[in-house]
Amino acid sequence: MSKARKILVTAALPYANGPIHLGHLVEYIQTDIWVRFQNLRGNRCIYICADDTHGTAIMKSARQRGCTEEQFVAMMHDAHRRDFAGFDVEFDNYGSTNSPENREYCEEIWRALQDKGLIAQRQVVELFDSQTGETLPDRFVKGTCPNPRCGATDQYGDNCDRCGSTYSAIDLIDPISTISGTPPVKGESEHFFVNIEALHEFLDEWTQSGEHLQDEVANYLKSHFLEAPLRDWDVSRPAPYFGFEIPGTHGRHYWYVWFDAPIGYMGSTREWCKRRGEDSDEWWRGESTEIHHFIGKDIQYFHCLFWPAMLRVAGFNLPDKVHIHGFLTVNGRKMSKRDGTFVMAATYLKHLDPAALRYYYAAKLGPRLDDIDMNLDEFVAKVNADIVGKVVNLASRTAKFVESTGLSPVYPDDGGLFAQAASVADEIAAAYESCDYNRAVRLVLEMADRANPYVENAAPWSLKKDPGRAKELQDVCTVALNLFRQIAVYLSPVLPRLAKQTEELLGQPIRHWDEVQTPLVGTPVAPFRHMMQRIDKKDVQAMIEESRESALGAESPKPQPLQDSDEALKAEPLAPTCTIDDFTKVDLRIARVVSAEHVPDAEKLLKLVLSLGGEERRTVFAGIKKAYQPEQLVGRMVVMAANLAPRKMKFGLSEGMVLASGPGGAEVFLLGADSGAKPGQRVH
RNA sequence: GGGCCCGUAGCUCAGUGGUUAGAGCAGGGGACUCAUAAUCCCUUGGUCGGGGGUUCGACUCCCUCCGGGCCUACCA
C-alpha cells in the first residue's frame with residue numbers, strides 16, 4: 001500500500017450572523033464525506049472549520065439583540081456546532097476567527113506583506129452611518145435607483161433589481177442606512193490595500209496549471225481577472241469595526257472581514273494543534289502535507305486569487321486543491337422563505353433523519369460546479385427505495401435466520417458476488433477522491449441490485465422450513481450479510497451511523513476501506529434492529545410548513561424613513577439652558593455590565609455591577625427590571641453617571657446611575673456605545 | 001453582450017467513435033411472503049433538442065440554430 005497521506009481539509013467558514021440551513025449543509029456534508037473517506041483509506045486527514053465572526057453585519061445583529069458582538073458570536077457558535085453535530089458533520093476543530101491564534105496568523109501574514117512592500121494606503125470615499133459611525137457596505141444602504149429611466153425605490157446600494165443597472169451606493173437617491181434608518185453621511189477615510197498585481201505571474205501559473213482547480217474555475221479566473229492587471233485589494237475598514245485592529249494604527253483601522261476569514265483556517269488549525277501538542281507549521285509549512293479547501297462558487301476569487309497570494313507571500317503551503325460546488329435549489333427553484341423551502345438545519349432535524357439528507361446529497365453531488373436540486377418527492381423516493389428498500393433490507397431479511405448460529409465458518413460459494421463487489425473498490429475510491437459521489441453511490445447501489453435477487457433465488461425462508469438444510473440456510477445468510485457489509489463499508493463515509501449499526505450487528509468494527517476484500521466468517525450475529533426508518537411524506541410536508549411559518553414570523557420590518565412624532569418632546573419639554581461647566585460637572589463614563597441580577601422584592605430594580613476598567617467596580621440599582629432580563633445585560637456597554645453621590649436604598653448602596661431614555665416601565669431604553677468604546681472612557 | 005454547463009424513455013440520470021442506446025423511479029402484468037406495503041421476474045416506453053459536416057461507422061468529434069441553467073457585465 002502507498003504511504004499514508006497527511007491531509008488538511010477545510011470547509012468555508014460559515015458567517016456567524018445566522019443559523020445553518022440546508023444550503024450550507026451541501027458543503028459541510030460533502031466535505032465530511034471526503035474526510036471520512038480519506039481516513040477510512042488509512043490516510044491522516046483532519047477537518048478544520050470555524051465561525052467567521054467579524055464585520056458590519058455582526059455588529060448590526062449584536063446590536064439588535066442588545067448584546068456585545070462577542071456574546072452574539074458565542075451564541076451562534078454554539079448553535080452552529082449543534083446543527084453540524086446533528087448531521088454527523090464531525091470537525092476535528094471548530095474554532096472562531098475571533099481567536100488569539102487567528103490574530104497571530106493575521107499579524108504574521110500582514111508583516112510579510114509589509115516586508116515585501118505590498119501594502120499601500122489611500123483615501124477612499126464611502127458612506128457611514130450617521131448614528132453609529134460605522135462604514136456602510138453597499139448592501140447596507142437602500143434608496144432609489146439613480147437610473148433616470150427606472151427610479152425604483154427601496155433598492156440596495158450595489159444594483160437595482162428592477163432595471164438591473166449597477167452603481168455605487170453613493171449614487172443612490174434618498175439613501176437610507178439599514179442600520180439606523182437615517183440618511184448615511186459621505187466621508188473620506190484612509191484604507192490599506194494589498195498590491196495583488198505583484199503576484200500576477202504567480203497566480204497565472206498557479207490557477208492555470210490544471211492541478212489545483214476545476215477547469216471551469218480556471219477559465220473563469222482567467223477571463224474575468226487574470227487577463228487584465230489585478231486591482232489592489234482593499235483589506236481594511238475604519239473604526240468602529242468588529243474585527244482585529246491593524247497593528248500600529250492606534251485603533252483607527254481594522255482588517256476587513258475577508259482578510260482574516262481564510263486565515264481562520266490556520267488559526268483554527270493552531271487551536272487544534274495546541275490541544276494535541278502538535279506544531280501547526282507541520283500542517284501549513286510541512287512539505288508532506290496536502291491542503292484541500294471546499295467552498296461554494298460564490299467565493300471563488302477570494303480562495304483562488306487573494307488567498308494563494310497571501311500564503312505565497314508569507315511562505316506558507318498553498319492549497320493542493322480547491323474543490324468548488326454549486327448552490328442548492330429546492331424543487332427546481334431558489335430556496336425561498338415564502339415557499340417554506342428555506343429550511344434551517346434545526347428544523348430539518350425536528351422532522352427527518354440526517355442520514356437521509358446525507359445520502360441524498362451524496363447521490364446528487366458531482367465533481368463540478370452545477371447547482372444541485374433537492375426535489376422533495378425524489379428525495380423521499382430515493383432514500384426509501386435505495387437505502388431502506390434495497391440496502392438495509394438485505395440485512396433485515398436475513399440476519400434473524402443466523403441470530404442463533406452466527407456466520408458460516410467458511411465463506412461459501414456465492415457465484416462470485418463478493419469478489420465482484422470487492423473488485424470495484426478502486427473505482428469507487430477514485431469516484432470519492434474526485435468528489436464524484438453520485439458515481440460512487442451508483443456503483444454501490446448496483447451491488448445491492450445484484451444481492452437482492454441472490455437472496456430471492458436462494459429463498460432462505462424456504463430453507464428454514466427444512467431442518468436438513470440448516471447449513472445451506474446459514475451459508476445463504478452469510479453471503480447476504482457479507483454483501484451487505486461491503487455496501488455498508490463503501491457507504492460509511494456517507495452513512496456513518498449505518499456503518500456503526502453494521503458493526504453492532506456483526507460484531508466487527510469497520511476501520512478500513514480494505515475490509516471489503518475479506519468476508520467475515522464464523523462470527524456471531526446480534527439480534528437485528530431497524531437501521532433506518534422510511535421517510536414519510538407527511539414529515540417532509542410538516543418541515544416545509546414549519547419553515548414557512550417561522551419565516552413569516554421572522555419577517556423584519558423594513559427601516560422606515562424617519563417620521564418621528566413630537567410626543568416625547570411634548571411630554572417632557574426641554575430644560576433651561578445650562579453652561580458647559582454645568583455639563584462637565586457630571587462625569588459620564590462608559591462601563592461594562594459585569595453582572596446583573598434580580599433584586600428580591602423589588603418591583604422595578606435590577607442590581608448591576610459595572611466595570612470602569614481595571615479593578616474599578618460600581619454597584620448600581622437601576623429601575624429597568626420591566627424592560628430588561630439580567631442575562632441580556634451582562635457584557636453590554638452602558639453609559640453611567642459615575643460621580644453621582646452614592647445613595648442608600650432599601651436594598652443597598654447605589655453608586656451611580658445608568659443612562660436610559662423612555663417614559664418608564666417596560667419602555668426603558670439603555671444608552672449604549674459604539675463598538676470600540678472601552679470601559680472607563682469619559683463621555684464628552 | 002461575454003464565459004461555462006446542460007438538452008438521452010413520463011421523471012432523475014448513466015453512456016465521449018464500434019454489436020439491435022442503458023439503469024433507477026413511475027406505469028402495466030405476474031411471483032413471493034424472509035423483510036420497514038420492503039423484494040424478485042416479465043413488460044410498455046426513446047427518430048439520444050433541430051439541421052449540416054467529418055468518418056467505413058456518431059448519442060459520442062466539428063459547425064450552426066433552438067431551448068434551459070449558472071456566472072458575469074468593465075464591482076470585488
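Both backbone and side-chain heavy atoms feed into the values below; hydrogens, waters and symmetry mates do not. These numbers were taken from a predicted model, which means no experiment stands behind them. Protein chains get the first letters and strands the later ones, always in sequence-line order, with residue 1 at the start of each.
- Residue A:Phe528 is out of contact with every strand shown, counting any heavy-atom pair closer than 4.0 Å.
- Mapping A:Glu216 and A:Lys465 onto RNA chain B via the closest heavy atom, the residue that lands nearer the 5' end is A:Glu216.
- Within the 4.0 angstrom heavy-atom criterion, only backbone atoms of the sugar-phosphate kind lie near A:Pro453; the bases stay farther away.
- For A:Tyr301 and A:Phe306, the distance between ring centers is under 6.0 angstrom.
- For A:Trp461, the listed nucleotide lying nearest its side chain is B:U33; candidates were B:G24, B:U36, B:U33.
- The local environment of CZ in A:Arg450 is crowded, with over 12 non-hydrogen atoms from other residues, nucleotides or ligands closer than 6.0 Å.
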Could you write out RNA chain B as dot-bracket? Rules: Watson-Crick or G-U wobble, both distances under 3.5 Å, brackets [ ] for crossings, | for pairs with another strand, dot for unpaired.
((((((((.[[[[.)..(...]]]].(((((.......))))).....[[[[[..)....]]]]])))))))....
Worked check of salt bridge (charged side-chain N to carboxylate O under 4.0 Å, His left out) between A:Glu427 and A:Arg439
CA-CA 9 Å; A:Glu427 206 178 340; A:Arg439 178 173 165 77; 2.7 Å; yes
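- Rounded to an integer number of Å, the gap from CD of A:Glu446 to P of B:C25 is 13 Å.
- In terms of position along RNA chain B, the nucleotide closest to A:Asp370 lies nearer the 5' end than the nucleotide closest to the other residue of the pair A:Asn452 and A:Asp370.
- Using a 4.0 Å heavy-atom criterion, one finds that A:Phe306 contacts the sugar-phosphate atoms exclusively.
- Distance from the side chain of A:Tyr220 is smallest to B:U72 among B:C25, B:U72, B:A31.
- Nucleic acid contact for A:Lys382: none, since no nucleic acid atom lies under 4.0 Å from a heavy atom of the residue.
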